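Only this structure's heavy atoms are used, side chains among them; waters, hydrogens and symmetry mates stay out. Keep in mind that this is a model prediction, so the values were computed, not measured. Throughout, protein chains are lettered first and strands after them, A, B, ... in sequence-line order, and every chain is numbered starting at 1.
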Amino acid sequence: MLDIRTLREQPDLAKSRLASRNADYSQTIDAILAIDADRRASETRLQGLQSERNRLSKEIGKLRAQKQDSAALEAEVKSLADEMQALTEKSNALSDEQTALLLVLPNFPQPAVPVGKEAADNPEIRVHGEKPSIANPKDHVALAEALGLIDPDRAVKISGSGFSVYMGQGAKLERALLNFLLDLHTRDHGYTEVSPPFVVKRDCMVGTGQLPKFEEDMYGIDGGGLFLVPTAEVPVTNLHREEIVNAAQFPIKYAAYTPCFRREAGSAGRETRGLIRMHQFDKIELVKICAPEQSASELEALTGDAERVLQALGLHYRVIELCTGDMGFGAAKTYDIEVWAPGQNAYLEVSSCTNFEDFQSRRMNLRFKAEDEKNRFCHTLNGSGTALARLYVALLENGQQPDGSVHIPAALQPYFGASTISK
RNA sequence: GGUGAGGUGGCUGAGUGGUCGAAAGCAGCGCUUUGCUAAAGCGCCGUAGUCCAAAAGGCUACCGAGGGUUCGAAUCCCUCCCUCACCGCCA
């Protein structure tokens with residue numbers, strides 16, 4: 001959520017900072033400012049009346065204590081009631097309206113974020129390794145089915161399209177990856193492991209920015225009061241919602257595994273083959289909470305922590321920076337990490353590392369006590385460390401051997417218990 | 001699911017219709033004094049909104065949340081949420 005003061009005091013700057021996103025928000029900002037002016041006028045008038053009421057009521061108390069007649073004053077206070085009632089209702093309505101509009105306004109991209117419209121405009125920041133030379137690479141679906149690792153037909157039978165069932169060694173590989181990733185981040189990168197609920201309250205979804213704007217992409221249950229988590233970012237970042245956290249703990253670093261549930265509304269037919277776009281997939285998420293002046297460097301470190309996953313597994317990848325038009329709703333700056341998948345002849349996004357600055361913390365009222373004793377909003381960041389399904393794709397397609405078996409990277413072998421997967 | 005108790009400031013905890021935004025203690029901050037690692041005394045010490053060009057300051061709201069009664073609500077009434085205890089059920 002953006003700061004209403006910024007919008008009020010520098011509306012033109014606010015509009016220009018949002019202009020590079022792929023939608024025009026200037027009308028929304030104008031609407032917010034009109035409501036804000038109206039709201040404040042109502043509140044000022046109401047507060048004047050409240051002040052008058054309080055003053056008169058104290059007079060009444062004094063008169064009654066002295067056994068004197070207070071009927072005239074009581075009538076006077078009563079005469080204020082109608083207008084106060086009307087102003088209270090008006091102020092509340094305007095306040096709700098203002099908040100509703102503020103919640104659908106995206107974050108400001110950082111000034112240095114490259115301006116662009118779509119994914120093609122995202123600059124490549126760095127590349128690690130090289131594409132392996134594999135003659136006539138098979139894709140992961142062919143490899144996994146041949147080896148009996150997944151059972152797509154039965155997944156459809158029990159849950160419909162967009163779900164997967166891992167079987168036997170395939171299931172074990174998934175479990176091995178989870179343990180490998182959590183160990184890497186907690187042991188080598190200093191993150192605290194968190195195992196959160198996979199269901200969260202509506203407020204949490206608003207706090208991290210999924211709601212109210214993207215409800216059609218979420219799985220709501222219990223009449224809309226609870227949601228299946230679309231990412232561990234939601235329960236983990238919200239752990240400290242409505243808190244004033246101790247700055248001595250900064251940066252707070254959490255790593256969490258959850259399955260991620262996404263409707264993927266409107267994406268039917270896009271990348272739907274195999275494991276690449278699913279309604280449920282596993283992910284390790286890294287979350288940081290820190291002071292504003294730390295967040296820029298923490299984003300670089302976070303991205304590096306996610307990259308180390310791919311380095312440890314010997315996978316070729318690149319890091320791109322998202323342009324203004326491609327960035328997510330709450331993002332101030334985002335790096336995507338894309339791993340090479342020979343069977344797709346394409347890079348697959350396996351991690352998205354984002355600095356939200358104070359966008360989420362305003363929504364969830366997450367603050368810390370600054371050195372000047374003021375309560376300030378924290379900065380929050382998160383990044384995948386990494387998504388499992390696409391990493392799984394990359395492992396199969398990069399590890400494939402001419403005989404149809406799949407080589408398991410050395411770092412993963414202790415977790416998987418074997419160096420290859422074969423029939 | 002049943003019964004009972006309860007939700008007050010960073011913490012403990014008073015307060016059952018009128019100078020209560022809220023006693024007291026603890027913690028924290030500042031000053032003074034004495035001095036071997038601390039003690040005593042004094043003072044300060046919630047959050048948010050709003051008014052003012054800003055500062056100073058004023059005003060308003062907040063005692064789990066939302067309504068209601070009243071001239072006036074932390075205090076009375078209603079609904080909801082949550083916590084604790086015991087019982088039931090249960091991986």
Side-chain angles (χ1 to χ4, degrees), chain A residues 1-13 32-103 195-207 221-227 235 238-250 252 289 358 361-378:
Chain A
M1 187 157 66
L2 298 178
D3 186 355
I4 181 63
R5 287 196 195 87
T6 306
L7 299 182
R8 196 187 290 155
E9 290 161 15
Q10 300 176 289
D12 293 333
L13 178 68
I32 290 171
L33 293 177
I35 292 166
D36 183 55
D38 199 4
R39 193 199 96 238
R40 285 191 293 156
S42 298
E43 286 183 9
T44 301
R45 171 77 184 144
L46 174 62
Q47 288 175 6
L49 293 175
Q50 286 171 326
S51 178
E52 181 68 2
R53 179 198 63 192
N54 291 346
R55 190 180 67 77
L56 292 171
S57 290
K58 283 181 182 174
E59 289 295 316
I60 292 167
K62 282 182 191 167
L63 287 177
R64 288 202 175 178
Q66 297 165 20
K67 308 267 191 209
Q68 295 180 20
D69 178 52
S70 59
L73 286 180
E74 287 178 33
E76 193 176 343
V77 177
K78 222 164 186 172
S79 72
L80 303 176
D82 285 349
E83 192 184 357
M84 287 181 64
Q85 178 72 18
L87 283 169
T88 301
E89 284 169 13
K90 184 180 178 188
S91 298
N92 289 344
L94 288 171
S95 179
D96 289 349
E97 210 177 325
Q98 179 174 326
T99 303
L101 286 177
L102 278 172
L103 285 175
S195 179
F198 302 161
V199 169
V200 292
K201 294 180 185 173
R202 184 172 205 93
D203 283 349
C204 295
M205 298 287 277
V206 173
I221 59 175
D222 198 33
L226 294 171
F227 291 83
N238 276 285
L239 283 175
H240 295 291
R241 65 175 295 118
E242 290 154 40
E243 288 185 17
I244 297 174
V245 298
N246 185 351
Q249 302 169 16
F250 285 162
I252 296 173
I289 299 171
D358 61 5
S361 60
R362 268 180 205 288
R363 289 173 163 247
M364 60 178 79
N365 200 19
L366 164 58
R367 295 173 296 173
F368 71 104
K369 187 77 79 180
E371 285 185 11
D372 61 3
E373 292 296 304
K374 298 273 191 198
N375 296 329
R376 299 192 192 285
F377 290 109
C378 304

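- Going from the C1' atom of B/rG41 to that of B/rG46 covers 26 Å, rounded to whole Å.
- Residue contacts for A/Ile60: at a heavy-atom cut-off of 4.0 Å it reaches a base atom on one of the strands shown.
- Nucleotides B/rG64 and B/rU8 place their P atoms 6 Å apart, quoted to the nearest Å.
- Proximity of a side-chain donor or acceptor of A/Ser79 to a complementary backbone N or O of A/Glu76 within less than 3.5 Å is detected.
- A search for salt bridge (Lys or Arg N to Asp or Glu O under 4.0 Å) contacts involving A/Glu52 returns A/Arg55, not counting sequence neighbours.
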Next on the checklist: One pair to check against side chain to side chain contact (heavy atoms under 4.5 Å, CB included): A/Glu89 and A/Asn92. What are the steps and the verdict?
Outcome noted: CA-CA 5 Å; A/Glu89 284 169 13; A/Asn92 289 344; 5.9 Å; no
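- Without hydrogens or angle criteria, A/Arg363 side chain to A/Leu103 main chain gives a donor-acceptor distance under 3.5 Å.
- Scanning RNA chain B 5' to 3' for nucleotides with an atom closer than 4.0 angstrom to a non-hydrogen atom of chain A gives a first and last hit of B/rG18 to B/rG72.
- Judged purely by atom type and a 3.5 angstrom limit, A/Ser361 uses its side chain to pair as donor or acceptor with the backbone of A/Cys378.
- Taking the C1' atom of each, B/rU83 and B/rC29 are spaced 33 Å apart, rounded to whole Å.
- Within 4.0 Å of A/Arg53, counting heavy atoms only, lie sugar-phosphate atoms of the nucleic acid but no base atom.
- Between B/rU75 and B/rG18, the distance separating the two P atoms is 12 Å to the nearest Å.
- Rounded to a whole angstrom, the distance from the P atom of B/rG72 to that of B/rC62 is 13 Å.
- Between the NZ atom in A/Lys90 and the OG1 atom in A/Thr88 there is a gap of 12.0 Å [rounded to 0.5 Å].
- With A/Ser57 contributing its side chain and A/Arg53 its backbone, the two residues share a donor-acceptor pair below 3.5 Å.
- For the C1' atom pair drawn from B/rC81 and B/rA65, the interatomic distance equals 7 Å after rounding to whole Å.
- Contact annotation for A/Arg45: no contact, since no heavy-atom pair falls under 4.0 Å across all strands.
- The only option from A/His240, A/Arg241, A/Glu242 that meets the side-chain hydrogen bond (donor to acceptor under 3.5 Å, both in side chains) definition with A/Asn238 turns out to be A/Arg241.
- Atom name C1', nucleotides B/rG17 and B/rC77: the rounded distance is 13 Å, in whole Å.
- Around NZ of A/Lys369, the count of heavy atoms belonging to other residues, nucleotides or ligands within 6.0 Å exceeds 12.
- Projected onto RNA chain B by closest heavy-atom contact, A/Gln85 and A/Arg8 fall at different nucleotides, the more 5' of which corresponds to A/Arg8.
- Nucleotides of RNA chain B nearest to A/Asp36 and A/Val77 differ in position, and the one nearer the 5' end is that of A/Asp36.
- A/Arg5 comes within contact range of the sugar-phosphate backbone alone, with a heavy-atom separation under 4.0 Å but no base atom that close.
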Item to check | Strand RNA chain B as a dot-bracket string - pairs counted if Watson-Crick or G-U with both distances under 3.5 Å, | where the partner lies in another strand | outcome: ((((((((.[[[..)..(.....]]].(((((.......))))).((((((.....)))))).[[[[[..)....]]]]])))))))....
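- Within the nucleic acid shown, A/Lys58 has no heavy atom closer than 4.0 Å to any nucleic acid atom.
- To the nearest 0.5 Å, atom CG of residue A/Asn365 and atom CG of residue A/Asn375 are 9.0 Å apart.
- Nucleotides B/rA14 and B/rA73 place their P atoms 25 Å apart, quoted to the nearest Å.
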